[in-house]
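What follows is a single structure, written as structure tokens, with notes after it.
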Number of protein chains: 2
Amino acid sequence: MCLYDTMYYFYPEQRNEFLVLASTFLCCMKDYEKFKQLVLQGATLYMPQLSLDCVIFGFHEGQLKVLLLKMRNLQEWALPGGFIYRQEALEVAASRILKERTGLDNIFLQQFHIFSDPTRSDTSKAIHHFSFADLSIDSSHWLAQRFISVGFYALVDFTRVTPQADELTDTCQWYDLENIPPLMMDHRHILDKALETLRIQLNYQPIGMSLMPEQFTMPELQKLYETILGVTLDRRNFQRKILGYHILKRREVRRTGVAHKSPYLYSFDEKQYQQALQDGLHKW
Amino acid sequence: MCLYDTMYYFYPEQRNEFLVLASTFLCCMKDYEKFKQLVLQGATLYMPQLSLDCVIFGFHEGQLKVLLLKMRNLQEWALPGGFIYRQEALEVAASRILKERTGLDNIFLQQFHIFSDPTRSDTSKAIHHFSFADLSIDSSHWLAQRFISVGFYALVDFTRVTPQADELTDTCQWYDLENIPPLMMDHRHILDKALETLRIQLNYQPIGMSLMPEQFTMPELQKLYETILGVTLDRRNFQRKILGYHILKRREVRRTGVAHKSPYLYSFDEKQYQQALQDGLHKW
DNA sequence: CCAAAAGTGTTTTCGGTACACCCATGT
DNA sequence: ACATGGGTGTACCGAAAACACTTTTGG
């Protein structure tokens, strides 16, 4: 039994009847006996559906890419997402979902926003989708109600990922950021917000460790920054700035086999990088 | 009936049995007929309890303050919080809760983090609290389960607020930031995170409009910044910097009746301020 | 008149940008 | 050899930090 049916919320519009305050377990009502009775009968609190969506960024051949999937029976693409387990933090759930899609562990992952607009999930579409799937439900069904979604963004090494579809998914593949297909619901908005956050974070947090392969050249790293920010940077200034953070180690070997002068190879200094992740980027 | 009982989640640990992907309404299972049957019988998706907590900052007499309340029958203090209505965005819910506590409308309000650690709500304590309230529930009861909470922080004009308690609340009052009493659950952590976010935001967003009275002097505004940041600033550099944003209007009158040279009074330029809220702080 | 607070101006420093020069490599 | 890309160094500019002087007010 769900209190939802009998009294909307514990915290109803007509606030003089029942009251529950958030983030505490102590509940109370004016009609305390009635409340007690309901709770003991096993009444539960009505809650919105909570899900999470991941914007997974990858980088390959000078292009920033996003991992998208297409659900069976659906025309539009979607961000990888999922639900949270009973004993699971959101961050853990997000990395679990990431692992399922990319096979990767220990990914850079960050929550950036919660999307709770009541109109974000178009009810009529939801119903339509279910008719498609040979289920008929009406607008009062929980499946047709508003979902609140926590947005995460992740940075992964493109070369180590093999996108994995599952029973529900037709396709799971990378898309160039400049060439995103129509997305379902407000996923386009989520994607944009993720990119906006990433661009801001770029100035305060070291990124690249997760996006670049083990070893890389300075121009390659610069291309990553340029792609994310959408601007061109000065080669020399970029190098000075990045090296100033002391999160890179220069390798002895250089890249060979390419035309022109052979560039140095760099890799991230694991320890310094982790330090910078905590403290932010500072000059020395 | 709740699917929670029969199959844990739609998205269970043993992932080969049932599957539901987040942020979509299209659900599917390997045993599709069983799934369909359950849904048509009115089965619902198990979801964590979602609440929101507000860290409400005020400023008075050179002290940064936070609005706290003490629940009936509880020793520890708590942040004002609440639940979300069915057709309501989180931001709307937060401003509703704020209005209930402070009586103020149109408050600067921002979500900054979601707190989902499974251990954040101490189950044993919850049960204890309910025994207190003459209810006996066990650890499997929904009231004893983990709540996920969305953290908001707000900046309000101290002088315009009269803290309002309600039927559940013994007291609702301001506390100096340096003198916060023990808080329930992880509310201390939420408070700290809010302050951390506020300090960062200070460089990019104009604040003060909500925290300061209608008219104020430059040293008063400086004191606010110093208090939030926890450092002392150079009087002259501060003035130049703030004025450079062109969000202040200097009044003709000066503050009188105080010792020493009478300072100018300033007030925020409503239009410029709103502009800066959207675009961030930029020099001209 | 004096101490303290407030208004206004100048110097210095530093990070970021712009740009010049040289070196290495494959064609 | 030479075009192209990569490594290294210098000049400049603007914002922020450091600091000096004057003005006003109550006591």
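Lettering follows sequence order; numbering is per chain, from 1.
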With sequence neighbours excluded, residues passing ring pair (Phe, Tyr, Trp, His ring centres under 6.0 Å) with B:His60: B:Phe158

Every protein N/O lying under 3.5 Å from an N/O of nucleotides 19-26 of chain D:
from   : atom 1 : to       : atom 2 : distance (Å)
D:dC19 : N4     : B:Arg236 : NE     : 3.2
D:dA20 : N7     : B:Arg236 : NH1    : 2.9
D:dA20 : N6     : B:Arg236 : NE     : 3.4
D:dA20 : N6     : B:Arg236 : NH1    : 2.5
D:dT23 : O2     : B:Lys261 : NZ     : 3.4
D:dT24 : O2     : B:Lys261 : N      : 3.3
D:dT25 : OP1    : B:Ser262 : OG     : 3.3
D:dT25 : O4'    : B:His260 : O      : 3.2

Leading and trailing nucleotides of DNA chain C with any atom under 4.0 Å from heavy atoms of chain B: C:dA4 to C:dT10

Atom pairs and distances, donor-acceptor, side-chain atoms in residues 215-226 of chain A, under 3.5 Å, two or more places apart:
from     : atom 1 : to       : atom 2 : distance (Å)
A:Thr217 : OG1    : A:Glu220 : N      : 3.3
A:Glu220 : OE1    : A:Thr217 : N      : 2.9
A:Glu220 : OE1    : A:Arg255 : NH1    : 3.4
A:Glu220 : OE2    : A:Arg255 : NH1    : 2.4
A:Gln222 : NE2    : A:Glu226 : OE2    : 3.3
A:Gln222 : NE2    : A:Leu233 : O      : 3.0
A:Glu226 : OE2    : A:Leu233 : N      : 2.7

Please identify each residue that fulfils side chain to side chain contact (heavy atoms under 4.5 Å, CB included) with B:Pro213, with sequence neighbours left out. B:Asp157

Integer-rounded Å distance: D:dA17 P and B:Asn203 CG: 10 Å

Please answer whether the main-chain N or O of A:Met209 pairs with a side-chain N or O of A:Tyr273 as donor and acceptor at a distance below 3.5 Å. yes

Starting from C1' on D:dG5, measure out to NZ on A:Lys223 and report it in whole angstrom. 14 Å

Between B:Arg101 and B:Gln164 (side chain of the first, backbone of the second, donor and acceptor by atom type, cut-off under 3.5 Å), is there such a pair? yes

OP1 or OP2 of D:dT8 versus the side-chain N and O atoms of A:Gln239: is any pair under 4.0 Å? yes

Enumerate donor-acceptor pairs with a distance under 3.5 Å from any side-chain N or O in residues 171-181 of chain A to protein atoms, sequence neighbours excluded.
from     : atom 1 : to      : atom 2 : distance (Å)
A:Asp176 : OD1    : A:Lys65 : NZ     : 2.5
A:Glu178 : OE1    : A:Gln63 : NE2    : 3.2

Donor-acceptor pair, side chain of A:Asp234 and main chain of A:Asn237, under 3.5 angstrom: yes

Nearest-Å distance, CG (B:Leu243) to C1' (D:dA15)? 16 Å

Distance in angstrom units between A:Leu265 CG and D:dG6 P, rounded: 12 Å

Could you tell me whether a side-chain N or O of A:His246 sits under 3.5 Å from a main-chain N or O of A:Gly244, the two making a donor and an acceptor? yes

